[in-house]
Structure formats: structure tokens, C-alpha cells
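Quick note on labels: first sequence line is chain A, next is B, and so on, each numbered from 1.
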Amino acid sequence: MPLNSAELDAIYLTVALASVTTALLVLLGTPLAWWLSRQRGDLTAAIEALVAMPLILPPTVLGFYLLLLFAPDTAVGRAWEHLTGSQLAFSFSALVIGSVIYSLPFVVQPLQSAFQRIPQGLLQAAATLGASPLDRFRSVVIPLTRRTFLTAASLGFAHTVGEFGVVLMIGGNIPGETQVLSIALYDFVETLRFDEAHRLAGGLILFSLALLFFLYRGSDTSSWRVRT
Amino acid sequence: MSSLQLDIQCQGENDFTLDLKCQLPAAGITAIYGPSGSGKSTLLDCIAGLRKPSDSSVIALNHTRWHAPGRCVPPWRRGIGYVFQDARLFPHLDTLGNLKYPLARNQPGSVTLDQVINWLELHDMLAHKVDTLSAGQKQRVAIGRALLGSPELLLLDEPLANLDHVAASECLRCLQRLSANTRIPMLYVSHNIEEVCQLADHLLLLESGRVTEQGSLLDLCSRLDTRLSREEQAAAIITGTISGQDEAFGLTELDIDGHILRVSQLRLPAGQSRRIRVPARDVSVCRERPHNSSILNIFPVTIEELEDTTAPRLLLRLSLGRQYLLARITRRSAFELGLKKNDQVYAQIKSAALLTGPSDAV
């Protein structure tokens, strides 16, 4: 039975959201994780706590405050509208921002602990061989943590696919715009369309299982457990 | 004359302070010798830029100031090479990858990849992963890698400390070959005096973060008033030229300023110059030339200096030609023989070790 257009829209939207979010997560999470891995102090502890918070908060809490923040009458909402010409609340961009915040610990924590395990002595050796800090990161740190990058990106991607509360709060439920898989599934169940619901739910289970299987098989698992 | 100027104050852990001011020759091998905890590695880290000394410190190689008030050149712009005690090879690269790491990051220098592979005998391990190498091989790769950054100064922090005897002597031979073939000055940290005697031209003695002595190795080794002379294994270093082989008795003859010293046979061509280490405890003195002695090496010497001590044993500094020997004898013997400065006596040398050179086979 072929998928109908509502399902295809939801799948496309979910993949797009998770891809954009993952790219941003790696881009923002890497320097943050590096900074956290090199420092120890009250400031870093506070930042770590902030990063880890989505792990224990109900997603709706985050969604609620983001919704208030993104409203057209706030400074953030107005600035966004001024810059882009469109409203932030209930948009794809809002979903991306929410997802990045919500999935941040899944990228930052594995990277941070991988960075911490790199012996300081190797970086010193690279420095004496003429490598600048950026060069050392590129030529020593990244090759030694390549697997962790893959793991962190996969976890970020999977977690974004799996979120529900945040996207429901800040995205509304607009088909083709903000209606991702998890919300489409919820809709199908609400309207008693169990065939479609089964297809989406079963598909998500297969996807998650396959992803986790490949992660567990390929890496030493201690490197990517998320700490709460 | 190129030189390395150091005026360093650096606070370490546990109230330790490195506080030294000296000028070292930026040529040949300078050994930094001292007990552990004397600040040897801290000194190298300051020179490399891996550790920050006080702001007023000055570190300059020739006219390039690496550290001065208001100025601190980061390690990757200092043009140094650093060989650590624990090799620190990059585990994600193979041997060749490690060797090539500094090539693109530094100005090409006088040393080529092929030369380094030859000098350090790395041919067979180029494609090997570094975690499959033995400790001695790793250290040789680390030395080669540091060298290929074309450093203006090569720092070595006890590179042989973790190696077994065979690997250490192989590595030592490679280092001698490097110093014979390149003009790169080296600072060599060690607490092993035998290593130092094999390699160093110049010596800096460090104790509790301070310089106690510095000078040429041959000079410092034969003095009575340095830390070296107080050690049990105190030994003088002299140089000699291979003058012949005594095939019948399996001995090699060396010319020491006109005197012939005989040592166990070594297949070395005549004319080659070698260092000889003569332990003070293996030298005794007699008023008259002993006859019927089993000791082969007996030389007329002059007492240059007697250690003034109340300890049971004392050291003598003896001149042999233009060089010096040390003898450790009991104070009682010195008293009974009535030894005093400028006396002409005979030194009996019970053992003398020819130090290895870069061309020796193991």
C-alpha cells in the first residue's frame, strides 16, 4: 500500500528538520564541547547544567517558554520578522531552534567526553611540530574522535526525529509546514486512522532499532552514553 | 657564536621554583643533568613554550626572543623540536604519517625524509601502525619526527629512560649519528651520567631548580668541586686516538697525549678519536712505578689537586699530558704516601671504557 501525501509530507518534513538540526548541532556543539572539555569551574558547570537540562525537563516546559519567546509581540519575534519577513512562531525555523536546544546534550556530552580522553601530551607534541590550535583540532582531535562525531550526529538526528512535546508546542500542527512524523502519528490515532498510524509507528521503530544497532555494533559504547 | 640565553623564573608545584640565568652554546649537544625534581623537564617546557615562566623571564635563541617581558611566542612558532620521554606518536597515523606530520607545517630545512629514515634505521617500519612498534622504535620515530620539523633547537627529555639496555644503546648510537650529521643544537635532559658522557659536549648541572655548574663535559667531569665528583660513579672523561691493534693479545691501543692506553679490542680504524671513561674508583696511585703488576695501564701523572676532606676516602685530580684523571683513594693511603699537590706519581688504571661512537656496530 503506497504512502499517502500526508504521510509523505510528514516524512519529508521530519527528515529535513532532523538534517538541518543535526548540521547545526554539530556546528554549535563541537566548539561548545571542546570548550567544556578544556575548562573546569563554576561557569562550565553552569553551562553543562543548562546543556543537560532538556534531558530531565518535560519537553512541554521547554516548548511553552519557547512559544512565549517566539510570539510576534516579543523582541525575538519582532527581530525575526524584521530580518526574514515572516513570523517565527509555528514555522519550520522555530522547530529547528527548538530541536537544536532540545537535542544539544545528545551531541555535546559524547563529544565532550571524547575530547577529554585525548591525551594533552599529543596536543603538546603537535604544537611543538608546528601545528596551530585550529590545525591541531583538525589534524589530531577530529581524526581521533571521528567515531564519536558519527555517534553524536546519529543520536542528535534520531532524537530530533523522536521528539514530540516541543514541536507540538512551538510548531502547532500545520501539515507540510510543521507537522512532523510524531505529530502526524498522533493525529492519525486521534482520528482513528490506525492503518496509517501503524505504518508510521512501525516505520519509526524499525528506523530507531536499525540506527541503535549500528551504533552499538560499531563503537565502544562507553563513549556515547548520555549522562543525566 | 650562536647561543641560547635563559633567564627564567617559573613557579612549579609544591613550592618548587625554577630560577636560573645562563647562556648555553647553541651548538652540539648540551646535557642538562640533575636528580629528579631538579627542574630539568620544567626548563625544557619553558623553552618549548608549553609552560609559562614569569613575565620577566627571557628566553632567546641567538637574536630571536621567544619569551621576554610582554612577548611570548607560542610553541608552534618557535621552530623547536621536542622529543618526549613517552614518544607521543599520533595513534591515527602510521610511522610515515607521523614522520611527515611536521613537513607541511615548517619551512623546509637541511634535513630530508630519506636522511632521517637512514640515520634512524626506520626503513622497515614505515607502513606500520605506531602501536605495533617497540618502545625503542617508537622513540626513534619520535626523534625523526622532531627532526623533520627542521628545528633550530632540538629538546630531548630523557628519551632513553623507558628503554631496555639494547634499545637504549641503539637509540644512543642514532643520536650520536644525528649530532655528527646535522648542525641542529640539542638540549638533552638526563639523570644518567653514562648517557651524558657518551653524548654531551657541554654540561649544565641543575639542582633544586638552580644551576650549580656549567661548562664543557671534559672539564666538569675531572673537577673535584662539582656534584659529579661526589657521586659514587664519578669518572673522568679523556679523549684518545686509536693508534694500533695488538692482535696477539686482543687489545686496542690508544694514544693519550703521547701515552699508550690499552683496552679490550675494538675493531676501529687507526686515527679515529674516541672518548674514554675512567672511573675514579678504578684508579690507584703509587710513588714508584710498580713492576710485576697485572695492571697494564700505568702512567706517570702529576697531582693537580687533593680533595680536602675528613671523609674516609678522598679524590685526587691527576694530570696526564693535557688531560685529567680522577682517583678515589682512602685518606689513610694519602697520608701514608705523604701525597701533596704537584707530586709526581704513577696512576694505575684498572679499567677504562671506550665510549661508543656513531659508526659502531652493536
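Looking at B:Leu93, neither its backbone nor its side chain comes within 4.5 Å of chain A, counting heavy atoms on both sides.
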### Task
Decide yes or no on side chain to side chain contact (heavy atoms under 4.5 Å, CB included) for B:Trp76 and A:Arg136, but give the supporting numbers first.
CA-CA 10 Å; B:Trp76 59 94; A:Arg136 295 202 287 275; 3.4 Å; yes

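Shown here is A:Phe207, whose CZ atom has more than 12 heavy atoms of other residues, nucleotides or ligands within 6.0 Å. For B:Phe16, the CZ atom is densely surrounded, since the number of other residues' heavy atoms within 6.0 Å is greater than 12. Heavy-atom neighbours of B:Arg183 CZ from other residues, nucleotides or ligands within 6.0 Å: at or below the threshold of 12. More than 12 heavy atoms of other residues, nucleotides or ligands shown are found within 6.0 angstrom of NE2 on B:His123. Counting non-hydrogen atoms of neighbouring residues, nucleotides and ligands closer than 6.0 angstrom, the CG atom of A:Leu134 reaches no more than 12 such neighbours. Around CG of A:Asp42, the count of heavy atoms belonging to other residues, nucleotides or ligands within 6.0 Å does not exceed 12. Within 6.0 Å of atom NE2 in B:His191, 12 or fewer heavy atoms from other residues, nucleotides or ligands are found, so the atom counts as exposed in its surroundings.
Residues A:Leu129 and B:Arg145 have side chains in contact (heavy-atom distance under 4.5 Å, counting atoms from C-beta outward). At a threshold of 4.5 Å between non-hydrogen side-chain atoms, the residues A:Thr128 and B:Pro151 do not count as touching.
With respect to chain B, the highest number of heavy-atom pairs below 4.5 Å among A:Pro119, A:Ala131, A:Ala125 belongs to A:Ala131.
Distance check: B:Tyr101 OH to A:Asp135 CG gives 5.0 Å after rounding to the nearest 0.5 Å. Note that CZ of B:Arg105 is 8.5 Å distant from OG of A:Ser132, once rounded to the nearest 0.5 Å.
What you find for A:Leu144 and B:Pro91 is that their closest heavy atoms are CD2-CG, 3.6 Å.
Side-chain atoms of B:His92 come within 3.5 Å of backbone atoms of A:Ser139 as a donor-acceptor pair (strictly under, hydrogens ignored).
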